[in-house]
Amino acid sequence: MTIYFVAGEVSADNHGAALMRSLRELDGELHFVGRGGPQMKEVAGEQFKNWISEAAVLGLWEVLRKYGYFREQFHETLQEIRESKPDAVVLIDYPGFNLRLARALRTEARQQKVIYYISPQVWAWNRGRIKRMAHFIDLVLCIFPFEVDLYNQAGLRALFVGHPMIERLRAGKIDTERDPNLIGLFPGSRSREVRKIFPVMLETARKLRQHNSNLRFEVAAASEQLAQELSKLLTAESPLHLSTGEGRARGSPGSTERPSIEIKLGETAAIMQRAWAGIVASGSATLEAAYFRLPFVLIYKVAWPTYLAARLVVNVKYLGMPNLLADKEVVPEFIQHRGKPNAIVKAVQPLIEDANAREQMISEFDAIVPKLGDIGASQRAARAIIEEIRSAT
């Protein structure tokens with residue numbers, strides 16, 4: 001059997017690689033083709049295309065700027081599917097590209113199954129689209145339990161498999177104690193959002209240190225490229241005593257004094273378990289912070305055209321997934337123009353100083369995390385995909 005995959009973002013590459021490994025455990029003869037990131041390519045082999053660095057863009061304006069590129073990639077993808085004749089096409093998140101691709105595949109009357117893993121959050125911006133999706137998608141594998149009823153009621157078959165990050169996060173647990181003077185900064189995994197969000201985080205850190213000079217900050221960098229970009233922003237904008245994780249303060253040769261800000265590569269989970277509180281960019285990191293019981297506030301900023309366009313279509317009360325799952329504001333949200341350092345400082349300080357505020361948020365997290373399911377999401381998704389393919393034969 002041949003399965004064609006499409007993933008367009010770093011998190012989808014993580015989940016796609018885990019899914020591929022689970023599929024191989026069920027059937028060692030499976031052949032994987034398609035496009036995703038380096039982890040999926042490592043599992044699939046050289047025939048798999050790594051396009052993440054170009055494909056992972058955020059926001060309407062950024063997509064419009066690269067319209068020609070995406071148009072070309074769309075037609076290339078269709079051609080690759082025609083040539084490889086897969087038994088199934090598995091689409092992982094990435095709705096702007098993948099929903100159009102699914103519709104095009106069904107228009108061409110292709111016989112392969114079209115399966116959506118990590119379902120697009122159409123419930124947030126256009127629930128009416130679910131009925132149309134039922135015409136060109138055979139099965140949706142959901143990672144949030146409330147999604148299943150929405151899809152099934154619209155005539156689109158859906159299964160809840162659980163959130164695949166639970167396996168990775170459980171494996172990332174470490175034996176450590178929280179440092180009351182350490183604050184975690186999580187500016188996101190995309191370059192454009194980092195450039196918008198990280199300067200606000202730096203100014204917030206500066207103001208927090210005016211209240212408590214003992215505070216230190218560790219910044220989670222999702223990649224070497226982002227670590228370099230964060231370092232440049234840190235050098236240009238922060239008056240704080242800083243470091244890029246080299247163990248000494250820049251400009252102070254031989255100093256053993258701990259720096260105020262350190263950039264840490266590949267230590268997101270560890271920082272979330274060491275830090276006393278956090279400031280987290282909206283995205284999957286908010287669920288990770290909830291899983292590790294890290295009290296935090298949420299921040300998000302995008303280009304203004306993207307924000308204004310989203311305001312016209314998004315129909316949810318909250319942006320952060322912990323708040324959506326709880327159906328209330330468990331975590332303070334600072335979106336776009338509300339993301340001002342002074343306001344963020346006022347929200348972070350109780351999480352540092354007030355034991356009751358901390359415990360209340362952690363208690364809410366303890367109620368939210370079980371809704372994501374137990375370990376085994378990748379295995380459940382793999383079994384559902386195999387069964388769906390075999391049902392066609």
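In the hydrophobic clustering (ILVMFWY side chains linked at under 4.5 Å, chained through shared members), Leu182 stands by itself.
Nearest heavy atoms, Phe160 versus Lys371: CZ-O, 3.8 Å. The two atoms that bring Glu333 and Tyr318 nearest to each other are OE2-CB, 3.5 Å, heavy atoms only. The two residues Val43 and Arg24 come nearest to each other via the heavy atoms O-NH1, 3.2 Å. In terms of heavy-atom proximity, Lys173 sits nearest to Gln273 at CA-OE1, 3.4 Å. Nearest heavy atoms, Ile143 versus Pro164: CG2-CD, 3.7 Å. Taking each heavy atom of Val330 and Met361 in turn, the nearest pair found is O-CE, 3.4 Å.
For the pair Arg274 and Glu177, the salt-bridge criterion is not met [side-chain N within less than 4.0 Å of a carboxylate O]. Arg390 and Glu387 are not joined by a salt bridge, as no carboxylate oxygen comes within less than 4.0 angstrom of a charged side-chain nitrogen. Between Glu193 and Lys301, none of the side-chain N atoms (NZ, or NE/NH1/NH2) sits under 4.0 Å from a carboxylate O, so this pair counts as no salt bridge. Salt bridge present: Arg216 and Asp179 bring a charged side-chain N and a carboxylate O closer than 4.0 Å. A salt bridge between Glu80 and Lys49 is absent, with no side-chain N of the basic residue lying under 4.0 Å from a carboxylate O of the acidic one. Taking a cutoff of 4.0 Å between a charged side-chain nitrogen and a carboxylate oxygen, Glu72 and Lys66 do not qualify as a salt bridge. Looking at Lys340 and Glu203, no side-chain N of the basic residue comes within less than 4.0 Å of a carboxylate O on the acidic one, giving no salt bridge. Salt-bridge check for Asp366 with Arg293: passed, with a basic side-chain N closer than 4.0 Å to an acidic carboxylate O.
Using a 4.5 Å heavy-atom threshold, the side chains of Leu159 and Val148 count as separate. Side-chain contact between His211 and Gln349 is present, with heavy atoms from C-beta onward closer than 4.5 Å. Leu208 has its side chain within reach of Thr204: a pair of non-hydrogen atoms, C-beta onward, lies under 4.5 Å apart. Looking at Phe217 and Arg209, their side chains come closer than 4.5 Å, going by heavy atoms from C-beta outward. Counting heavy atoms from C-beta outward, Leu372 and Met165 have side chains that approach closer than 4.5 Å.
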Would you sort out whether Asp374 and Arg170 count as a salt bridge (Lys or Arg N to Asp or Glu O under 4.0 Å), showing the intermediate values?
CA-CA 10 Å; Asp374 203 350; Arg170 181 170 293 188; 3.4 Å; yes
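Using bins of under 30°, 30° to 60° and over 60° for the plane-to-plane angle, the ring pair Phe296/Phe365 lands in the parallel bin.
Between Phe97 and Phe74, the gap from one ring centroid to the other is short of 6.0 Å. Residues His163 and Phe144 bring their aromatic ring centres within 6.0 Å. Between Phe32 and Phe5, the distance separating the two ring centers is shorter than 6.0 angstrom.
Of the candidates Val200, Leu298, Ile197, Ile344, Ile344 is the only one forming a side chain to side chain contact (heavy atoms under 4.5 Å, CB included) with Ile279.
Taking the centre and axis of the six-membered ring of Trp51, the NZ or CZ atom of Arg35 falls inside the cone set by 45° and 6.0 Å.
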